[in-house]
Amino acid sequence: MFDRLLFVYDFNLRHARHLVAGLTPEQCVAQPGGLVNHPTWTIGHLAVTSSVVLMELGVQPAFPPEWMER
């Protein structure tokens, strides 16, 4: 089970990197066509969510506490 989770996590991480490869900082925060969550927000959400999962597994949080509030 754990191997499957790691596989899916690795796949999603590689896919996210592919999706934002070559974007400028301006493009990373653009909200074209009424898009609510720009790429930077989405990646931040995934990073914080991953940190929460790791905390549940007993791993020290990777981000400062104020990230959870943002």
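The figures here come from the full heavy-atom set of this structure, side chains too, leaving out hydrogens, waters and symmetry mates. Count residues from 1 along the sequence. Note that the coordinates shown come from a computational prediction; the quantities given were computed from them, not determined experimentally.
The two atoms that bring Pro39 and Cys28 nearest to each other are CD-O, 3.2 Å, heavy atoms only.
With rounding to the nearest 0.5 angstrom, the OG1 atom of Thr42 is 8.0 Å from the NE2 atom of His45.
Counting only distance, with no hydrogens or angles, the side chain of His38 and the backbone of Ala30 share no donor-acceptor pair below 3.5 Å. Side-chain atoms of Ser50 come within 3.5 Å of backbone N or O of Leu46 as a donor-acceptor pair.
When hydrophobic clusters are built by joining Ile, Leu, Val, Met, Phe, Trp and Tyr residues whose side-chain heavy atoms come closer than 4.5 Å, directly or via intermediates, Leu6 is grouped together with Leu57. Taking hydrophobic clusters as Ile, Leu, Val, Met, Phe, Trp and Tyr residues chained together by side-chain heavy-atom distances below 4.5 Å, Ile43 shares a cluster with Leu23.
Checked against side chain to side chain donor-acceptor pair (under 3.5 Å), Asp3 has no partners two or more places apart in sequence or in another chain. Remark: Arg17 engages no residue in a salt bridge (charged side-chain N to carboxylate O under 4.0 Å, His left out) (not counting sequence neighbours).
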